[in-house]
2 protein chains.
Amino acid sequence: MLKAERHQHILNEVSIRSRIQLSDIADTLGVSIDTIRRDVKELDDNKKLKKVHGGAISLGYNIFPFSNNEVFNKEKKAQIAQKAITLIKENAVILMSGGTTNLELARQLPADMDITVFTPSLPIAMQLLAHPKAEVIVIGGKVSKDAQLAIGAQVVQELGNIRADLCFLGTGYLDIEHGLTEFDYEVVQVKKAMINSSRRIVSLCISEKLNSVQRFKTCDIRDIDTLITELPPDAEVLRPYQSFNVNLL
Amino acid sequence: MLKAERHQHILNEVSIRSRIQLSDIADTLGVSIDTIRRDVKELDDNKKLKKVHGGAISLGYNIFPFSNNEVFNKEKKAQIAQKAITLIKENAVILMSGGTTNLELARQLPADMDITVFTPSLPIAMQLLAHPKAEVIVIGGKVSKDAQLAIGAQVVQELGNIRADLCFLGTGYLDIEHGLTEFDYEVVQVKKAMINSSRRIVSLCISEKLNSVQRFKTCDIRDIDTLITELPPDAEVLRPYQSFNVNLL
DNA sequence: CAAGAAACTGCAAAAAACTGCAGATTTAGA
DNA sequence: TCTAAATCTGCAGTTTTTTGCAGTTTCTTG
């Protein structure tokens, strides 16, 4: 990996997240933390960012108007994302819905991974642009301001043309009886289409969301091939799900 | 193998992959790495790409478009954006290309403005999500990592279905003789499609870009209805453009 | 103030860049 | 077509840059 690429990656990360940690970058790019430290120092010297203890921060605007830097349960989501990444095979075609857990996944994707990602989520697409090898295809349409996700008939139709190996499906709410549910009906339609276009459905779900229900239903639990949560396999709350071929961390 | 062939191959690779490593190219073409190094140096001298330690990157690649560090240019772009906003009518349907000047426009859009914006640019779309009233439709496709812009046949086709009132067209390079030009051919195709889909074309262009040329042509200057720059009307550099119905700040 | 994390420093191995040169190839003019 | 000049190309030796590591110092946090 070229130094210039690392610099670009770092600037992208800073631009997207408004702050970075050296250790994270070193991890993602697979180089030593000293190298990243030197990179960041150089970028700081060139006034491209501001180096701070342990990382760096952006000088100007963020790309994301809503600062979604404060992710709830970021640790858990990072764990889940790590597990999800192990499911990805080289040259896979992947569908990704939105949500902060998927965003964490996109962020942690190893730099040498050669994949193609389709997504209607703008933050996910932006994040993946920082990845040196991933090919990114954004699925266009009217963008929901809440979900920062393209929705509508056009999106559903476009998804019909795709046959993905893997779908990382975030969900707002998950319950044994009512399945995966959402607050927004249009989001549900998009997610249904994503499910129809993928061979394997993997749902990433922090434990806080288990046993919660909302108004509109995406699918039943049995439509999910793999559920990833951060809980140990014997957790009480997971008991009802065990029969659905649930993979655990 | 001719030198010209190698140069072409190198430019192609850079254009497609945004980056190359000298060793890879030398390997592929079966010549010594020194030869490739000399080739790349020459291409760098001719401003066709940017040479970096160990390889080369495309010209657009290291522009770090969206971390907004250069206060100086930001001032100019803000001025230009302000002027551009005065051209927008209520309930207008607007097409926006990418670029930092357009991004500045998106940032400054008054909150009470009720408009519909189509754009293949991810940062523009993200920015507009922060706007309370603007409806945002992102045009989907494979995303160029350099331009952070959806490109390709799908984008062009989608643009064919749109009839916009106004198109804010950023441009990399502008010259009286060669018109609007870009480094990337696919970006040119998208911009051509945008021009065909709009009643009025407004190009935002800071003065640094005047009298500069790149490899691929978007359109002639006479295809632009309005050109907005930050220079006073009597600026020497603007003299040649006066006859093209140029609006000035 | 004490423990842990991060930063700094110097160093050595590896990679890349640079330099000069000689043989090969191309070009230009007779 | 022939020849001389100019250019191109690969090679070997040298210099510079990059990078990870280990030891030490500085900073942060409770």
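Below, chains carry the letters A, B, ... as their sequence lines are ordered, and counting in each starts from 1. Since the model is a prediction, treat every value here as computed from it, not as a measurement. All values below were derived from every heavy atom in this structure, side-chain atoms included, with hydrogens, water molecules and symmetry-related copies excluded.
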B:Val190 vs B:Ser97, test: side-chain contact (heavy atoms from CB on, under 4.5 Å). Steps then yes/no.
CA-CA 9 Å; B:Val190 169; B:Ser97 75; over 6 Å; no
Applying side-chain contact (heavy atoms from CB on, under 4.5 Å) to A:Ile228 and A:Leu87, what does each step give before you reach the verdict?
CA-CA 11 Å; A:Ile228 303 181; A:Leu87 302 178; 3.9 Å; yes
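Remark: C1' of C:dA16 and CD1 of B:Ile36 are 15 Å apart, rounded to the nearest angstrom. B:Leu22 has its CG atom 17 Å from the P atom of D:dT17, to the nearest Å. Between the CD1 atom of A:Ile20 and the P atom of C:dA6 there is a distance of 13 Å, given to the nearest Å. Whole-Å rounding puts the A:Ile33 CD1 to D:dG23 P distance at 18 Å. Distance B:Lys3 NZ to C:dT27 C1': 13 Å, rounded to the nearest Å. The interatomic distance linking B:Asp39 (CG) with C:dC18 (P) rounds to 14 Å, in whole Å. Atom CG of B:Asp27 and atom P of D:dG10 are 13 Å apart (whole Å). Rounded to whole Å, atom C1' of C:dA7 lies 14 Å from atom CG of A:Asp44.
The nearest heavy atom of DNA chain C to B:Asp34 and to A:Asp34 marks one nucleotide each, and the one closer to the 5' end goes with A:Asp34. The nearest heavy atom of DNA chain D to B:Glu42 and to B:His53 marks one nucleotide each, and the one closer to the 5' end goes with B:Glu42.
Taking both residues in full, the closest heavy atoms of A:Asp225 and A:Arg200 are given as OD2-CA, 3.2 Å, listed atom of the first, atom of the second, then distance. Closest approach of A:Leu169 and A:Ser203 over heavy atoms only: O-OG, 3.1 Å.
Within the 4.0 angstrom heavy-atom criterion, only backbone atoms of the sugar-phosphate kind lie near A:Val52; the bases stay farther away.
A side chain to side chain contact (heavy atoms under 4.5 Å, CB included) with A:Arg6 holds for exactly one of A:Val31, A:Leu11, A:Leu43, A:Val40; it is A:Val31.
Contact annotation: A:Lys51 side-chain N/O to C:dA7 OP1/OP2 distance is under 4.0 Å. In this model, the phosphate group of D:dT19 is approached by a side-chain N or O of A:Arg6 to a distance below 4.0 Å at OP1 or OP2. Contact between the side-chain N/O atoms of B:Arg37 and the OP1/OP2 oxygens of D:dT9 is not found at any separation under 4.0 Å.
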